[in-house]
Number of protein chains: 2
Amino acid sequence: MAKSAKFDRQQVIDKATALYWQKGFHATSMRHLQDIVDMRPGSIYAAFGSKEGLFKETLQNYKQAGMSQLAECRANSQSPITALKMFMRKLVIEASHDAPSGICMLAKTVAELTDEHQALLNEARRLLCEMEHAFQQLIAEAQELGEIDQSKDPARLAAHIQVQISGLRIYGKLHAGDALLEATLEQMIDDVFAYHPFSLFCP
Amino acid sequence: MAKSAKFDRQQVIDKATALYWQKGFHATSMRHLQDIVDMRPGSIYAAFGSKEGLFKETLQNYKQAGMSQLAECRANSQSPITALKMFMRKLVIEASHDAPSGICMLAKTVAELTDEHQALLNEARRLLCEMEHAFQQLIAEAQELGEIDQSKDPARLAAHIQVQISGLRIYGKLHAGDALLEATLEQMIDDVFAYHPFSLFCP
DNA sequence: GAACAAATTGAACGATCGTTCAATATATTT
DNA sequence: AAATATATTGAACGATCGTTCAATTTGTTC
């Protein structure tokens, strides 16, 4: 045995996640990263391998945080649909003020990267698909509880949620600052669950 | 008088648009741009001022092309709703194979940029809002024709379209390569107009 | 065809990029 | 306390970044 690393790996990844999330992969420099996490280049490269390696870990960290939030919403809700709605509100409305970027980090990465960084692009895709799958499970649970028609395809509904979240978050950054933005977003989120394909009463 | 520029400005802007659209603002280098448009740095800077200046022109060019496409859809359709649906299909489905990026260049720019490039970010916002306004006009026309309930707010419906387009295009790049992707996208576009808030029959 | 004006060229600028590595510091083990 | 092993440091690397500008080319005017 010899000395062990003195930095807190999770804290470093959290700080790196915030910076990457805010600026995107290409606009984030290793210099800036070094300042934010207060480590010298050698230490960072020893711990994470490369700019891409660190980015990949932040993507996974971001997804894990999202999963935790979703689980927390479920724990604090009586029904899976209420949980999903609460989760959407957190992402779309709260995140539009506080978060490093109004946009989902995974969606932003999918939008930013090209074949030139296939590995990272695929990782972001994979993680976002896992989020979609978590939505699907929540929807299946809602079907068992009779909150959603059993005949509907949970994968379809999960895809619908995915589309709404991405679209609403882009829309939120597009109209950031507008007086009526929050009310509009609230309304649109409510509508997602009040009408097709989620409503029991509307075909 | 003296000699006039020998390059075709529109051709140059078109090529620059494609590159910026594909790679994003930060990942596009002036070197690469020089190769693509076959001009030396001095000429580019004389004509466009800076990397940001050229990017701004490509944003405007991209929006103009989008407006033309929308007008073409309207000209080839009997109803404004059909035109809107045709436009969405072009953007979401065709663009997912051919286009430099599956994502709308304006939405991608809104997602990518931060306060650090306020001017460009605001320009992308402004242009995307103009697209939204064009949707709104088409929707108002549909209301006059009785295709949509007069009581509904055209701005609301236009916002809904904006959200769907952004969301679907992200979703398309997320699931690029999936066998059933196209069918899913087709279905989702049809559903946008078959149910709330567009349908006459569903509340 | 000489004089002029604008367009084009390409070498070069300083700054910053991601990354490396020999030197040094510091825990743990013997 | 000496030996060992790993972590940390920070200067430095070559490459590339966006941009500039003196020199040159080229078309127009007189």
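In what follows, chains carry the letters A, B, and so on, assigned in the order in which the sequence lines appear, proteins first and then strands, with residues in each chain numbered from 1. Computed from a predicted structure; not experimentally measured.
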Earlier contact from the 5' end, DNA chain C, for A:Met30 and B:Pro41 = B:Pro41
Toward the 5' end of DNA chain D, by each residue's nearest nucleotide, A:Ile44 or B:Ser4 = A:Ile44
Does B:Ser29 place a side-chain N or O at less than 4.0 Å from the phosphate oxygens OP1/OP2 of D:dT16?
-> no
Quickly work out the A:Arg9 CZ to D:dT6 P distance and round it to whole Å.
-> 17 Å
Using atom CG of B:Leu19 as one end and atom P of D:dG18 as the other, report the distance to the nearest whole Å.
-> 11 Å
Protein-nucleotide distance (B:Asp38, atom CG; C:dT8, atom C1'), rounded to Å | 12 Å
Quick one: label A:Gln34 by what it contacts on the DNA or RNA (base, sugar-phosphate, nothing), any heavy atom closer than 4.0 Å.
-> base
B:Arg31 vs B:Lys6, nearer the 5' end of DNA chain C by closest nucleotide | B:Lys6
If we ignore angles and hydrogens, is there a donor and acceptor under 3.5 Å between the side chains of B:Glu132 and A:His175?
-> yes
Indicate yes or no: at least one non-hydrogen side-chain atom of A:His26 is less than 4.5 angstrom from one of B:Lys23.
-> no
To the nearest 0.5 Å, how far apart are CH2 in A:Trp21 and CG in A:Leu59?
-> 12.0 Å
From CG of A:Asp35 across to C1' of C:dT16 the rounded distance in Å is 13 Å
Of the candidates D:dC17, C:dA7, C:dT19, the side chain of B:Lys3 sits closest to C:dA7
Between D:dT8, C:dT8, C:dT19, which one does the side chain of B:Ala5 approach most closely?
-> C:dT8
May I ask you to check whether B:Glu144 and B:Gln150 show a side-chain donor-acceptor distance below 3.5 Å?
-> no
Rounded to whole Å, CZ of A:Phe48 lies from P of C:dG18 at a distance of 16 Å
Measure from the side chain of A:Tyr45, starting at C-beta and using heavy atoms only, and say which of C:dT20, D:dG10, D:dT20 lies closest.
-> C:dT20
Tell me: CZ of B:Arg40 to P of D:dT19, nearest whole Å?
-> 18 Å
Working to the nearest 0.5 Å, report the span between CG of A:Leu84 and CE of A:Met86.
-> 11.0 Å
Does OP1 or OP2 of C:dG18 have a side-chain N or O of A:Lys51 closer than 4.0 Å?
-> yes
B:Phe25 or A:Phe7: which one's nearest nucleotide on DNA chain D is closer to the 5' end?
-> A:Phe7
Quickly work out the B:Met39 CE to D:dG18 P distance and round it to whole Å.
-> 16 Å
Between D:dA7 (P) and A:Asp8 (CG): distance, integer Å | 15 Å
